[in-house]
**Q** 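Have a look at this one.
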Amino acid sequence: MLIDVITYQAENKLLAWLEDSHRSLSSILRFQFGLTTISPSESSLLRAASSVLSDYRATIFICKDGDVFIAWSGAKQSIVDRLQDAIYMYCDLPPSPPIHQYYDLNAHGETLRLVIREKLEKNPPIADKIATDSIVAVVRAADLLQPTPEQLTQFAAAMKQRPLRKQPSILIVEDQLFSRKLLTGMLESEFKVTAVSHAETGLGAYLSLAPDILFLDIELPDANGHDLAATIRRFDPTAFIVMVTANQYAEDVARARENGAKAYIGKPYSRQKIMEAIHKYTQSRPSAGGTR
Amino acid sequence: MTQPVDLSNLRSMIQDDVELERELFATFYESFEGGLNDLQQALQSADQENWRRHAHALKGIAYNLGANRLGDLCKTAQDHPQASEAEKTNLLQSLQIEYASAKQYLVSISGDIG
């Protein structure tokens with residue numbers, strides 16, 4: 001499973017997504033949060049989508065006016081119903097839920113394009129990443145990486161599933177789409193994989209899913225991967241964290257070790273290095289016959 | 001002269017999944033072109049940290065693809081955020097030329113329009 005969450009230039013990126021000729025069998029579910037006072041968090045949207053779209057590649061587009069579009073390849077009505085229920089549950093919606101529409105891209109592609117273009121005319125999308133970064137920088141990384149009591153309760157429940165899994169659940173936190181797709185593509189045929197692009201979303205996903213293995217990039221847009229690793233280790237001392245990065249600086253390796261990272265993989269990734277890390281995990285699990 | 005991209009590691013990772021490979025090529029084009037624009041903006045605004053950060057991001061993409069010459073140029077850019085405007089301009093041009101070479105190669109082997 002690969003789920004992207006897009007907020008920067010979401011409207012333009014959704015239009016580009018629609019233009020891709022491979023999307024003909026795709027579906028989009030739109031929630032008009034923009035007409036309400038509700039602003040669901042990225043992590044709650046991701047949890048909702050993860051609970052339903054485990055066998056799909058999906059993208060969540062969060063528009064400047066608050067509307068959320070969830071897009072995936074596939075056209076089953078049963079998915080739509082389950083996704084609606086998941087959004088209501090995870091986003092803690094009041095009794096009067098936001099208006100939502102389903103678009104089958106094969107039949108409604110042009111209609112959807114008109115909807116997005118109208119949005120672009122009325123609301124210029126979130127400013128480009130460089131300008132927005134200055135706003136994000138005001139929020140200290142430490143504030144972004146504080147689990148809420150509700151999230152910790154959810155994590156405790158998810159941890160009970162860990163020893164019951166037949167194969168490892170893997171979370172990837174990597175901001176570069178190419179590297180994220182490469183790692184996901186390599187692993188998703190054998191393992192249950194969730195991939196996100198930001199530290200805050202990664203923390204939310206970790207608390208929601210209690211994955212067995214975390215592949216964690218160091219340079220992330222909203223926080224440092226080392227800080228995320230340290231945060232996770234505080235509430236999950238057993239976390240199996242593999243740092244991945246394009247750098248091989250000694251200080252990064254040392255800090256990864258201090259944070260209890262089990263492995264450090266530089267780019268380019270290789271199948272051998274990735275599978276060695278996963279093998280190290282399975283050997284360390286008592287249920288796998290290994291020893292801790 | 002060696003090809004601009006060595007796909008052996010990538011193909012080993014994805015077990016010769018042709019559809020995924022095609023998707024990764026498309027992502028490479030979009031991500032790298034966006035990244036080159038980001039570098040251009042960082043050059044124009046004399047923003048050393050953004051220059052370093054964007055070069056770092058491109059380096060990871062290039063190496064993971066197998067475009068090692070391109071990755072080496074990105075590494076040079078990343079390691080010299082304090083280079084002069086003229087040096088950065090030359091480096092950016094080299095990146096654009098090497099990227100174009102890599103893209104041309106990928107398009108030729110995949111039959112994509114790109």
Side-chain angles (χ1 to χ4, degrees), chain A residues 2 4 6 8-9 12-13 16-17 19-23 57 59 73 128-134 137 174-190 195 197 217-222 224-225 244-249 252 265-275, chain B residues 5-35 37-42 44-45 47 49-68 70-72 74-75 77-79 112-113:
Chain A
L2 170 63
D4 291 315
I6 294 175
Y8 302 117
Q9 301 282 340
N12 285 319
K13 289 187 178 173
W17 193 91
E19 295 306 322
D20 190 318
S21 60
H22 297 128
R23 306 286 183 204
R57 287 209 173 116
T59 306
S73 294
D128 79 45
K129 195 168 179 296
I130 294 174
T132 312
D133 280 349
S134 65
E174 158 68 66
D175 66 317
Q176 287 304 315
L177 182 58
F178 180 89
S179 301
R180 200 161 70 243
K181 276 189 178 178
L182 175 60
L183 200 46
T184 300
M186 178 193 149
L187 296 172
E188 65 183 354
S189 62
E190 292 180 61
S197 58
D217 190 15
I218 292 177
E219 287 212 32
L220 296 167
D222 54 343
N224 185 290
V244 293
T245 179
N247 288 334
Q248 298 275 11
Y249 299 139
D252 278 326
I265 295 177
K267 291 172 185 171
Y269 301 149
S270 74
R271 174 167 278 273
Q272 181 186 353
K273 286 188 276 188
I274 301 295
M275 294 312 294
Chain B
V5 186
D6 177 357
L7 291 171
S8 55
N9 182 56
L10 183 90
R11 285 175 168 163
S12 163
M13 281 194 72
I14 65 175
Q15 306 267 270
D16 295 312
D17 184 333
V18 175
E19 186 183 332
L20 177 56
E21 180 177 289
R22 193 158 177 258
E23 189 174 338
L24 285 169
F25 287 178
T27 303
F28 167 67
Y29 305 144
E30 182 185 345
S31 297
F32 214 90
E33 287 168 22
N37 285 336
D38 290 337
L39 268 185
Q40 179 69 49
Q41 286 186 12
Q44 287 170 347
S45 59
D47 190 328
E49 175 52 24
N50 273 336
W51 170 271
R52 186 207 65 78
R53 191 162 56 86
H54 293 312
H56 167 79
L58 292 179
K59 180 181 79 173
I61 295 169
Y63 282 145
N64 266 341
L65 174 68
N68 294 327
L70 187 59
D72 291 345
C74 295
K75 184 177 188 311
Q78 177 196 322
D79 290 346
D112 276 342
I113 296 171

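All of these numbers come straight from a predicted model, not from anything done at the bench. Just so it is clear: chains get the letters A, B, ... in the order the sequence lines come, proteins before strands, and each one is counted from 1.
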**Q** With a sphere of 6.0 Å drawn around NZ of B:Lys75, does it hold more than 12 non-hydrogen atoms of other residues, nucleotides or ligands?
**A** no
**Q** Need one label for B:Ile61: side chain, backbone, both or neither, based on atoms under 4.5 Å from any heavy atom in chain A.
**A** both
**Q** List the atom of B:Leu24, the atom of A:Phe178, and the distance in Å for their closest heavy-atom pair.
**A** O-CE1, 3.3 Å
**Q** Using only heavy-atom distances, determine whether the side chains of B:Asn64 and A:Ser179 contain a donor-acceptor pair under 3.5 Å.
**A** yes
**Q** How far apart are the closest heavy atoms of B:Leu20 and A:Gly185, and which atoms are they?
**A** CD2-CA, 3.6 Å
**Q** Using 4.0 Å as the upper bound for N to carboxylate O, is an ion pair formed by A:Lys181 and B:Glu23?
**A** yes
**Q** Side chain from CB out, backbone as N, CA, C, O: work out which of these in B:Asp17 comes under 4.5 Å of a heavy atom of chain A, or both, or neither.
**A** neither
**Q** Go through A:Gln272, A:Lys267, A:Glu219, A:Met275 and name the one with the most non-hydrogen pairs under 4.5 angstrom from chain B.
**A** A:Glu219
**Q** Who passes salt bridge (Lys or Arg N to Asp or Glu O under 4.0 Å) against B:Glu49, sequence neighbours left out?
**A** B:Arg52
**Q** Is it the side chain or the backbone of B:Glu21 that comes within 4.5 Å of chain A heavy atoms, both, or neither?
**A** neither
**Q** Restricting to salt bridge (Lys or Arg N to Asp or Glu O under 4.0 Å), what partner residues turn up for B:Glu30, sequence neighbours left out?
**A** none
**Q** Nearest 0.5 Å please: distance from the CZ atom of A:Arg271 over to the CE atom of B:Met13.
**A** 7.5 Å
**Q** Of the non-hydrogen atoms in B:Ser31 and A:Leu177, which two are nearest, and what is the gap between them?
**A** OG-CB, 4.4 Å
**Q** What part of A:Thr245 gets closer than 4.5 Å to chain B, counting heavy atoms only: side chain, backbone, both or neither?
**A** side chain
**Q** To the nearest 0.5 Å, how far apart are CZ in B:Phe32 and CD in A:Gln176?
**A** 10.0 Å
**Q** Name the option with the most non-hydrogen atom pairs under 4.5 Å to chain A; the candidates are B:Gly71, B:Ala57, B:Gly66, B:Ser45.
**A** B:Ala57
